[in-house]
Amino acid sequence: MDSTGHFLLSLVTAATVLQVCSTVTVIGLYGATIEVPCNNGAAKPEDLIFTKWKYEMDDHTSGDLLVKQAHKEEAQIKAMDGYKDRVSIAANSSLMIKGGSLVDQRTFTCMVVYGSNLDEHPVDVLVHKKPLLPQIKDKAKELENGKLTSLGVCMAADANPAAEIVWSKNGKLLVADGKTIIITPSVKVDPSTGLSTTTSGLQYTAVKSDMEAKFTCTAKHSLETQMSAPEIFTIHYPTEKLSLQVLAKAPIREGDNVTLKCKADGNPPPTSFNFSIKGQKVTVKDSDTFTLTAVTRDNTGDYKCSLVDDGKMEASEKIVVSYLDLSLSPTGKVVKMVRETLVVKMEQNASGDAKVSWTKDNRKLDKEPRFEHVSYADAGFYVCEVSVAGIKRNQSFQLVVEGTPVIKKMTKQRSEDGRHKVLTCEAEGVPRPSVQWSVNGTNEESSYINGKATHKITVVPTGNLTITCIATNKLGDDFMAINVSSLIKEERMPGKGAQDDSSDQALLIVFIVVGLLVTAAVVGLAYWLYIKKSRQGTWKTGEKEAGTDEEGNK
């Protein structure tokens, strides 16, 4: 301060009354600018003369920081130590300290001189810093079931004040009990920065259910609560139970491959097992499976697996192999003569109740086919299918029915134009019979369905003809004749194989019936007239009868 300042200060000091206010506390952030308010930030008095900031030094004596006279723009820095380049005064008289650190945790006093008064406002400054994100270090490689083991050490570094550390498992707080859970906290202060590092060691007794448990530690601090990344630990525990799994698509059928898998609940799991295969022990190393290839019905039975070092700990499972045998007689192509007997025999042997079905030419049959006397209609492709538990078997035979031709019917009828005769010959036989006529015809039509051959020809008869149809195959032949008259008259020839046209027979019957009806009507009318005239006592000519009848009516 210059000579004028000293003079003013001496005058003020002599005439003023000193007033010391109660101490307030502010918290600043480590590394940031700390604002220390003067008189809790109250407005400056109107008759302010000057403001002075001072602080308590390490030896507990008072040291000056700066003086700001009311009528001057700039403050005069008085500090000669580390505060020289770090302090300044704000417009509201607050002390500004750059780069806050723990050395700033002390008492700063704002002295305000105005009128005939001098007030002092002491402020205690605390500097806080949140810790770095907590981390779990020195982690255990694995935990052993039922054994107290050091799980790890949680560290929350560089904080002020020191952080508090707590441990959790799956979000639930772990509480030390001195036996199964032991927590050891400690705090270390860095001499150069004054910051504190909190560590917490956890000793934990694991159980099997901790296999997927997530362990975390949390650092609690006045500025912020932070949680570490979760850690999962491998839990070692001995095998207590075995299970045997059958790896195969159900149902198991003959020819399938079946894999047996022995599963232990220990961790780490055993690497070698004993398998009991139909009573024979097989040791498998570095694997937990054994495969049965192309199983048969003889593989049905109980299977076991056990630990190599503890044969009493074992597991078992039953394997059932489904099977199906089918025998059909006959099979393949079967040729029979019409009216012969065919015996069909089907036998099946299955591991369960089998379902049997028959089809003929892809159409389902209601029952097993039986052939006491085969007919042409029995010919076809027969399939027998048997199924059980996912297995299907089928066998088949092709029935061919053969026979010499037999002509069943011959017919004749007029064509639509009335100028021709259409002759039809129907014959049965297998193989397909060929049809020949004793006359030449036109517009030939033929068909062959289910052993029945139909052949049509068109002829123009110029007189009475006897026409023969002959059906022939490799087994024999047959013939039939029909009498065909001219278009005016047709007669049926007698003798073997001759037959009338059905339309001619119908026409003849119609003529006879009509004739009988006409005759009956005439006789009835005459009898009625006779009775009527007899009652009248007259019998006259037809002409007079008519007149008399008319007069009588008049």
How close do Leu118 and Met111 get, heavy atom to heavy atom, and via which atoms? CD2-CG, 3.6 Å
Check the surroundings of atom NZ in Lys220: do more than 12 heavy atoms from other residues, nucleotides or ligands lie under 6.0 Å from it? no
Any donor-acceptor pair under 3.5 Å linking the side-chain atoms of Asp124 with those of Thr107? yes
Can you tell me if Tyr323 and Asn349 form a side-chain donor-acceptor pair at under 3.5 Å? no
Heavy-atom donor-acceptor pair, Asn39 side chain to Gly41 backbone, under 3.5 Å: no
Would you find a donor on one side and an acceptor on the other, under 3.5 Å apart, between the side chain of Arg86 and the backbone of Gly99? yes
Can a donor-acceptor pair be found, under 3.5 Å and without considering hydrogens, that links the side chain of Trp53 to the backbone of Ser93? yes
With no hydrogens and no angle check, do the side chains of Thr359 and Asn362 hold a donor and an acceptor under 3.5 Å apart? no
Would you say Thr300's side chain and Arg297's backbone share a donor-acceptor pair under 3.5 angstrom? yes
Under a 3.5 Å distance rule, please check whether Gln226 uses its side chain to pair with a backbone N or O of Pro131 as donor and acceptor. yes
Grab the two heavy atoms, one from Ser316 and one from Lys304, that are nearest each other, plus how far apart they are. CB-CG, 3.7 Å
Run Lys261 and Glu317 through salt bridge (Lys or Arg N to Asp or Glu O under 4.0 Å) and show every step you take. CA-CA 11 Å; Lys261 182 180 179 66; Glu317 194 68 39; over 6 Å; no
Please determine whether side chain to side chain contact (heavy atoms under 4.5 Å, CB included) holds for the pair Val123 and Thr23, giving the CA-CA distance in whole Å, both sets of side-chain angles, and the decisive distance to 0.1 Å. CA-CA 5 Å; Val123 181; Thr23 303; 5.9 Å; no
Closest approach of Phe397 and Val344, non-hydrogen atoms and distance? CZ-CG2, 4.0 Å
Assess whether side-chain hydrogen bond (donor to acceptor under 3.5 Å, both in side chains) is satisfied between Tyr83 and Asp104, documenting all intermediate values. CA-CA 10 Å; Tyr83 284 112; Asp104 300 321; 2.8 Å; yes
Has the side chain of Lys208 got a donor or acceptor atom that lies under 3.5 Å from a matching backbone atom of Gly266? no
Under 3.5 Å, is there a donor-acceptor pair between the side chain of His221 and the main chain of His128? no
Answer yes or no: does atom CG of Asp59 have more than 12 heavy-atom neighbours from other residues, nucleotides or ligands under 6.0 Å? yes
For Asn274 and Thr283, which I'm curious about, is there any donor-acceptor pair between the side chains at under 3.5 Å? yes
Just by modelled atom types, is the Phe381 backbone N or O under 3.5 Å from a matching donor or acceptor in the Asp361 side chain? yes
Once rounded to the nearest 0.5 Å, what's the spacing between atom OG of Ser327 and atom CZ of Arg393? 13.0 Å
Interatomic distance, Asp302 atom CG to Lys318 atom NZ [nearest 0.5 angstrom]: 5.0 Å
Which pairs pass side chain to side chain donor-acceptor pair (under 3.5 Å) with one or both residues in residues 131-159, sequence neighbours excluded? Lys139-Glu231
Assess whether atom CD1 of Ile449 is packed by more than 12 heavy atoms of other residues, nucleotides or ligands within 6.0 Å. no
Mark yes when over 12 heavy atoms from residues, nucleotides or ligands other than Lys278 sit less than 6.0 Å from its NZ; otherwise mark no. yes
Show your reasoning for whether side chain to side chain contact (heavy atoms under 4.5 Å, CB included) applies to Val388 and Asp353. CA-CA 7 Å; Val388 61; Asp353 294 334; over 6 Å; no
If we only count heavy atoms from C-beta on, is the Thr193 to Leu102 side-chain gap below 4.5 Å? no
Intermediate values then yes/no, side-chain hydrogen bond (donor to acceptor under 3.5 Å, both in side chains), Thr289 and Thr259: CA-CA 7 Å; Thr289 62; Thr259 297; over 6 Å; no
Check whether Thr216 reaches the backbone of Pro230 with its side chain - one donor and one acceptor, N or O, closer than 3.5 Å. no
How far apart are the C-alpha atoms of Tyr204 and Phe233, what are their side-chain angles, what is the distance that settles it, and do they pass the ring-ring contact (aromatic ring centres under 6.0 Å, His included) test? CA-CA 11 Å; Tyr204 183 75; Phe233 296 87; 9.0 Å; no
Is the closest basic N to carboxylate O distance between Lys169 and Asp210 below 4.0 Å? yes
Hey, what do you get for CG (Leu328) to CG (Asn394), rounding to the nearest 0.5 Å? 10.0 Å
Pair Tyr30, Ser101 - check side chain to side chain contact (heavy atoms under 4.5 Å, CB included), show working. CA-CA 5 Å; Tyr30 188 89; Ser101 65; 4.2 Å; yes
Are Val386 and Ile391 side-chain neighbours, meaning at least one heavy-atom pair lies under 4.5 Å? no
Taken to the nearest 0.5 Å, the spacing of Glu385 CD from Ser357 OG works out to 4.5 Å
Lys263 atom NZ, neighbour heavy-atom count above 12 within 6.0 Å: no
Please evaluate residues Thr205 and Ile181 with respect to the criterion side chain to side chain contact (heavy atoms under 4.5 Å, CB included), reporting the C-alpha separation (whole Å), side-chain torsions for both, the decisive distance (0.1 Å), and the verdict. CA-CA 7 Å; Thr205 305; Ile181 300 176; over 6 Å; no
Nearest 0.5 Å, what's the CD-SG distance between Gln245 and Cys305? 9.5 Å
Counting only heavy atoms not in Lys360, do more than 12 sit closer than 6.0 Å to its NZ atom? yes
Cationic N near anionic O, under 4.0 Å, Glu347 to Lys345: yes
Could you tell me if the side chain of Ile183 sits less than 4.5 Å from the side chain of Ser200, heavy atoms only? yes
In this structure, are over 12 heavy atoms from other groups packed under 6.0 Å from Glu224 atom CD? yes
Under 3.5 Å: donor-acceptor pair, side chain of Asn160, backbone of Leu195: no
Who pairs with Phe371 by ring pair (Phe, Tyr, Trp, His ring centres under 6.0 Å), at least two apart in sequence or on another chain? Tyr382
Evaluate ring-ring contact (aromatic ring centres under 6.0 Å, His included) for Phe275 paired with Tyr303, printing each intermediate quantity in order. CA-CA 8 Å; Phe275 287 88; Tyr303 292 79; 9.6 Å; no
Once side chain to side chain donor-acceptor pair (under 3.5 Å) is applied, what residue pairs with a partner in residues 181-192 remain, sequence neighbours excluded? Ser186-Thr199, Asp190-Ser192
Before you tell me yes or no, could you show the steps for Thr293 and Asn257 under side-chain hydrogen bond (donor to acceptor under 3.5 Å, both in side chains), namely the whole-Å CA-CA distance, both residues' side-chain angles and the distance that decides it to 0.1 Å? CA-CA 4 Å; Thr293 58; Asn257 292 338; 4.9 Å; no
